[in-house]
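Worksheet: the structure to be examined is printed underneath.
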Amino acid sequence: MLLDTAALYFRAFHGVPDSVQAPNGAPVNAVRGLLDIIARLASEFRPTEIVACWDDDWRPGWRVDLIPTYKTHRVAAAQPADAVGHPIEDVPDLLVPQVPVIREVLGALGVPVIGAPDHEADDVIGTLASHSRLPVDVVTGDRDLFQLVDDSRSVRVIYTGRGMARLEILTDVTLRAKYGVSPAQYADFAAMRGDASDGLPGVPGVGEKTAAALLASFGSLDGIVAAAADPASGMAAPVRARIAAASAYLRVAPAVVRVVRDLDLPDFDARIRVGPGERAAELDRLAVEWGLGSSLTRARDTLAALAALAAVA
């Protein structure tokens, strides 16, 4: 199970009241909410391994160089860059101090936190999903990761975009039913459609239905661009004009939308192994210090039960 961690803790932060606080008065709504999400996912989907994939760089410069509007609206205006020149993401003030606590609690639970320099969590997920020898569940609210779905390798996406009470499981079949494209076509589809939440303009006048129809007719974005340049291709003249007008964008958009699948990641052990071992005292300390109560108990108990099952198997 690969967690798009930031997407989940943002969801937790907005889903749990900020009146949920530690004994010292610090907010812990995102921490507790994330623990509840992990407990729910682990209980329902019963993974044998969990990885918390991390945004070491939430807005990589190489993606911005290709499309300058990439995630521009999420840059914190009052804090334009960090110590090494990276733009600061606009994060709610009450969430900022919870992020280090989240990392500490995940570590105490034995869940590895894995990121990569100059890359987003999406790229870490793409690399791990593409090279896993186990079936993979990707947990995310980001539709771009639909491109990783692969029934032949048992890679599916558990989509949280409609809320934890309405999880969607994306497979080859459900993706085709939902959008009319294959997972291999999804990045091209997303590039044409655009995504305002990521600052991707898309092709003006080409929405989801037109993008899917073009891919059905011409196979890929390269095929679509070639058809737009060929008056004999059968592509309608207005659509040809739209594709031609967006040619500069379409040359770079796929590289921005496609997740990286070949990162050099550190070695780690993602096996669920929570039990009465050396981390028990650390977890007890965190539970008291941050007032994590039933949320941490549920996560500990759920993961411990899975670890016990794995040990028997």
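We use all heavy atoms of the structure for the numbers below, so side chains are in, but hydrogens, waters and symmetry mates are not.
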In Å, rounded to the nearest 0.5 Å, how long is the span from [atom1] of [X] to [atom2] of [Y]?
X	Y	atom1	atom2	value
Asp222	Asp188	CG	CG	7.0 Å
Leu8	Met164	CG	CE	7.0 Å
Trp58	Asp122	CH2	CG	13.0 Å
Leu286	Glu104	CG	CD	4.5 Å
Arg59	Asp118	CZ	CG	13.5 Å
Ser295	Leu34	OG	CG	10.0 Å

Strictly by ring-ring contact (aromatic ring centres under 6.0 Å, His included), give each pair with a member in residues 132-156 just once, sequence neighbours left out.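 Found Phe146-Tyr159, Phe146-Tyr186.
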ring-ring contact (aromatic ring centres under 6.0 Å, His included) partners of residues 116-135, not counting sequence neighbours, each pair once: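 Sorted pair list: Trp62-His119.
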Please report the closest heavy-atom contact between [X] and [Y], naming both atoms and the distance.
X	Y	result
Asp144	Val257	OD1-CG1, 4.1 Å
Leu296	Val105	CD1-CG1, 4.2 Å
Gly180	Ala212	O-CB, 4.3 Å
Met1	Pro47	CB-CB, 3.8 Å
Arg279	Gly107	CD-O, 3.7 Å
Leu215	Gln185	O-NE2, 3.4 Å

Is any side-chain N of the basic residue among Arg63 and Asp57 closer than 4.0 Å to the acidic one's carboxylate O?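 Salt bridge absent between Arg63 and Asp57.
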Using only atom types and a distance under 3.5 Å, with no angle test, would you say the side chain of [X] pairs donor to acceptor with the backbone of [Y]?
X	Y	value
Thr297	Gly293	yes
Ser132	Leu128	no
Arg46	Leu306	no
Arg156	Pro135	no
Gln98	Asn29	yes
Asp123	Val260	yes
Thr302	Ala42	no

Just wondering, do [Y] and [X] contact through their side chains at under 4.5 Å, heavy atoms?
X	Y	answer
Val225	Arg251	no
Arg143	Lys178	no
Leu250	Met192	yes
Ile125	Val259	no
Leu35	Leu109	yes
Val51	Phe268	yes
Arg74	Ser197	no
Asp198	Lys71	yes

Should [X] and [Y] be counted in the same cluster of Ile, Leu, Val, Met, Phe, Trp and Tyr side chains packed under 4.5 Å apart?
X	Y	answer
Val28	Ile102	yes
Trp54	Val96	yes
Leu309	Leu134	no
Ile38	Phe45	yes
Leu283	Leu292	yes

Without hydrogens or angle criteria, can the side chains of Thr171 and Thr174 be said to hold a donor-acceptor pair below 3.5 Å?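 Looking only at side-chain atoms, Thr174 and Thr171 do form a donor-acceptor pair, the distance falling under 3.5 Å.
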For Ser130 and Arg153, which I'm curious about, is there any donor-acceptor pair between the side chains at under 3.5 Å?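 No, no side-chain donor-acceptor contact under 3.5 Å.
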Which residue is it: Leu2, Ile272, Leu106, Leu41? I am looking for the one with a side chain to side chain contact (heavy atoms under 4.5 Å, CB included) to Ile50.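 Filter result, single survivor: Ile272.
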Pro183 and side chain to side chain contact (heavy atoms under 4.5 Å, CB included): which single residue from Leu148, Leu170, Asp172 fits?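 The passing option is Asp172.
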Can I get a per-line list of side-chain donor-acceptor pairs under 3.5 Å for residues 9-24, giving both atom names and the distance, sequence neighbours left out?
unit_1: Arg11; atom_1: NE; unit_2: Thr160; atom_2: O; d: 3.4
unit_1: Arg11; atom_1: NH2; unit_2: Thr160; atom_2: O; d: 2.8
unit_1: Asn24; atom_1: OD1; unit_2: Ala26; atom_2: N; d: 2.9

Would you please name every residue forming a side chain to side chain donor-acceptor pair (under 3.5 Å) with Arg40, sequence neighbours left out?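 Only Glu44 meet the side chain to side chain donor-acceptor pair (under 3.5 Å) criterion with Arg40.
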Could you work out, with side chain to side chain donor-acceptor pair (under 3.5 Å) as the rule, every residue matching Asp269, not counting sequence neighbours?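 With neighbours one apart ignored, the set is Arg271.
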Evaluate the criterion side chain to side chain contact (heavy atoms under 4.5 Å, CB included) for residue pair Asp55 and Glu89; output intermediate values, then yes/no. CA-CA 11 Å; Asp55 287 317; Glu89 186 175 13; 5.7 Å; no
What residues form a side-chain contact (heavy atoms from CB on, under 4.5 Å) with Asp230, not counting sequence neighbours?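 Applying side-chain contact (heavy atoms from CB on, under 4.5 Å) to Asp230 gives Ala232, Ser233.
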